[in-house]
Amino acid sequence: MATVMQKIKDIEDEMAKTQKNKATSHHLGTLKAKLAKLRRDLLAPPSKGGGGGAGEGFDVTKSGDSRVGLVGFPSVGKSTLLNKLTGTFSEVASYEFTTLTCIPGVITYRGAKIQLLDLPGIIEGAKDGKGRGRQVISTARTCNCILIVLDAIKPITHKRLIEKELEGFGIRLNKEPPNMTFRRKEKGGINFTSTVANTHLDLETAKAICGEYRIHNADVSLRFDATADDLIDVIEGSRVYIPCIYVVNKIDQITLEELEILDKLPHYCPVSAHLEWNLDGLLDKIWEYLDLTRIYTKPKGMNPDYEDPVILSSKKRTVEDFCIRIHKDMLKQFKYALVWGSSVKHKPQRVGREHELEDEDVVQIIKKV
């Protein structure tokens, strides 16, 4: 492990020394690719059979409709926030590193069960395996939304450090997957096409990065002004794109002027967990970022069940996904569905399994006889 760490440090030092200009862009591209490969080895070291299991309390079973992780440095108030939001008890004290394992709690909000994970405080260098950093961040990869908890008194540099740690683990915050296609082929060299003017990537840099991965024949086509990092992300393929909210805690200890500045920043939500200020605002924001769709069921000849909605993600919300969510055998007997709500013109309307549902639609499934 130490040699991998040393190699990472050497490459980072070399990148810091290298001037950024057109002449060095392909050298920097190669270094970035080497760095990404070393980070991957660090994340998943080659297994030597019979390795020890995961750390105690880290393999938390996924429950509920969505998963939200609290990430932050020690003693910024993650456990207090979890306690106030869910009523789960996570040990709280004013010294650092109180929480040592991953503690789950559940909030029921607008009919959806949202699992909140209180992850131990991460320290600088977690992406290089320091502290319990690796387990913390690999658990964070499984979340549908990440809350980065920051202390309003400690400087915002914490935010940059945590982002750097998460990005080192292949977690991309508040970003969309790069709009480019990368396809390996048998022969024909590297074919580089772009529909827009490129200011960062050129054929030489693309060749250098692919060469580092021992890929000598591939089609790379860009539909936006991509960087070397975007190309590496697409080749690695193990990146996760997660929405993120920066929760600034302990706002009771700063001035009103400072609070107004914080309020203007994107993806921010100021709270005070101890005094329970703005926790409902935080829940609203979590709901908005999770982007869930609630669907109510209606048994034949009865009123819709508004108490217990079926929760679908906004990416998968067809009638077919709805049926699978209820029971996987339901599609075999599916004939058509009747839908009331904003996704249809008529109330009710007969739809097939491809129909996309909207939030708070009412659905009745008609089965084959």
Is Arg350 close enough and on-axis enough to Tyr336, meaning under 6.0 Å and within 45°, for cation-pi?
yes

Enumerate, atom names and distances included, each donor-acceptor pair closer than 3.5 Å involving a side-chain atom of residues 361-369, sequence neighbours excluded.
residue, atom, partner, partner atom, Å
Asp361, OD1, Ser342, N, 3.2
Asp361, OD2, Ser343, OG, 2.5
Asp361, OD2, Glu358, N, 3.0

Scanning both residues in full, the closest heavy-atom pair of Leu173 with Cys244 reads CD2-CB, 3.8 Å

For the backbone of Leu28 and the side chain of Thr18, can you confirm whether one donor and one acceptor N or O come within less than 3.5 Å of each other?
no

Just checking, is any N or O donor in the side chain of Asp10 or Gln6 under 3.5 Å from an acceptor N or O on the other one?
yes

Scan side-chain atoms only and decide if His327 and Gln333 contain a donor-acceptor pair under the 3.5 Å cut-off.
no

What heavy-atom pair brings Ala228 and Lys32 nearest, and what distance separates the two atoms?
CB-CD, 4.4 Å

How about Thr193 and Ser221: does a side-chain donor come under 3.5 Å of a side-chain acceptor?
no

Hey, does the side chain of Gln349 reach the backbone of His346 with a donor-acceptor pair shorter than 3.5 angstrom?
yes

Carboxylate-amine/guanidinium contact Arg183 Asp219, below 4.0 Å
yes

Between Ile311 and Ser66, is there a side-chain heavy-atom distance shorter than 4.5 Å?
no

Stepwise, does the salt bridge (Lys or Arg N to Asp or Glu O under 4.0 Å) test hold for Arg325 with Glu320?
CA-CA 9 Å; Arg325 189 69 212 251; Glu320 189 171 338; over 6 Å; no

Where is the tightest heavy-atom contact between Ile171 and Ile146, given as atom of each residue plus distance?
CG2-CD1, 4.1 Å

Starting from the C-alpha separation in whole Å, work towards a yes-or-no answer on side chain to side chain contact (heavy atoms under 4.5 Å, CB included) for Phe322 and Met330.
CA-CA 10 Å; Phe322 169 76; Met330 203 166 186; 5.8 Å; no

Identify the two heavy atoms, one from Leu231 and one from Ala206, that lie closest to each other, and give their separation to 0.1 Å.
CD2-CA, 3.8 Å

Using only atom types and a distance under 3.5 Å, with no angle test, would you say the side chain of Thr24 pairs donor to acceptor with the backbone of His27?
no

Between Asp13 and Lys9, is a side chain to side chain contact (heavy atoms under 4.5 Å, CB included) present by the stated rule, with each step listed?
CA-CA 6 Å; Asp13 291 347; Lys9 189 171 182 326; 3.1 Å; yes

Check whether more than 12 heavy atoms from other residues, nucleotides or ligands sit under 6.0 Å from atom CZ of Arg223, and answer yes or no.
yes

Which donor-acceptor pairs under 3.5 Å do the side chains of residues 287-300 make with protein atoms, sequence neighbours left out?
residue, atom, partner, partner atom, Å
Tyr289, OH, His267, ND1, 2.8
Asp291, OD2, Ser314, OG, 2.9
Arg294, NE, Asp359, OD1, 3.3
Arg294, NH2, Asp359, OD2, 3.0
Tyr296, OH, Glu360, OE1, 2.9
Lys298, NZ, Met302, O, 3.0

Check: Thr142/Arg67 side-chain N/O donor and acceptor closer than 3.5 Å
yes

Quick check: is Phe182 connected to Tyr241 through a chain of hydrophobic side chains (ILVMFWY, heavy atoms under 4.5 Å apart)?
no

Can you list everything that forms a ring-ring contact (aromatic ring centres under 6.0 Å, His included) with Tyr246? Sequence neighbours excluded, please.
Tyr268

Closest heavy-atom pair, Leu331 versus Cys323, reported as atoms and distance to 0.1 Å, is CD2-CB, 3.9 Å

Could you go through Val248 and Cys269, starting from their C-alpha distance and side-chain angles, then the distance that decides it, and tell me whether this counts as side chain to side chain contact (heavy atoms under 4.5 Å, CB included)?
CA-CA 6 Å; Val248 185; Cys269 184; over 6 Å; no

Let me see the working for Glu14 and Lys17 under salt bridge (Lys or Arg N to Asp or Glu O under 4.0 Å), right down to the final yes or no.
CA-CA 5 Å; Glu14 190 176 341; Lys17 281 188 296 208; over 6 Å; no

If you count heavy atoms of other groups shown closer than 6.0 angstrom to NZ of Lys34, is the number above 12?
no

If every non-hydrogen atom of Trp340 is compared with every non-hydrogen atom of Leu338, which pair is closest and at what distance?
CZ3-O, 3.7 Å

Donor-acceptor pair, Arg239 side chain versus Asp233 backbone, under 3.5 Å?
no

In terms of side-chain geometry, is the basic nitrogen of Lys164 or Glu167 positioned less than 4.0 Å from the acidic oxygen of its partner?
no

Using the side chain to side chain contact (heavy atoms under 4.5 Å, CB included) rule, take Leu222 and Phe192 through it: C-alpha gap first, then chi angles, then the decisive distance, then the call.
CA-CA 8 Å; Leu222 311 183; Phe192 184 82; 3.8 Å; yes

Does Lys285 reach the main-chain N or O of Asp280 with its side chain, forming a donor-acceptor pair under 3.5 Å?
no

Considering only NZ, NE, NH1 and NH2 on the basic side and carboxylate oxygens on the acidic side, decide whether Arg110 and Asp65 come within less than 4.0 Å.
no

Look only at the side chain of Asn217 and the backbone of Glu186, and say whether a donor-acceptor pair between them is shorter than 3.5 Å.
yes

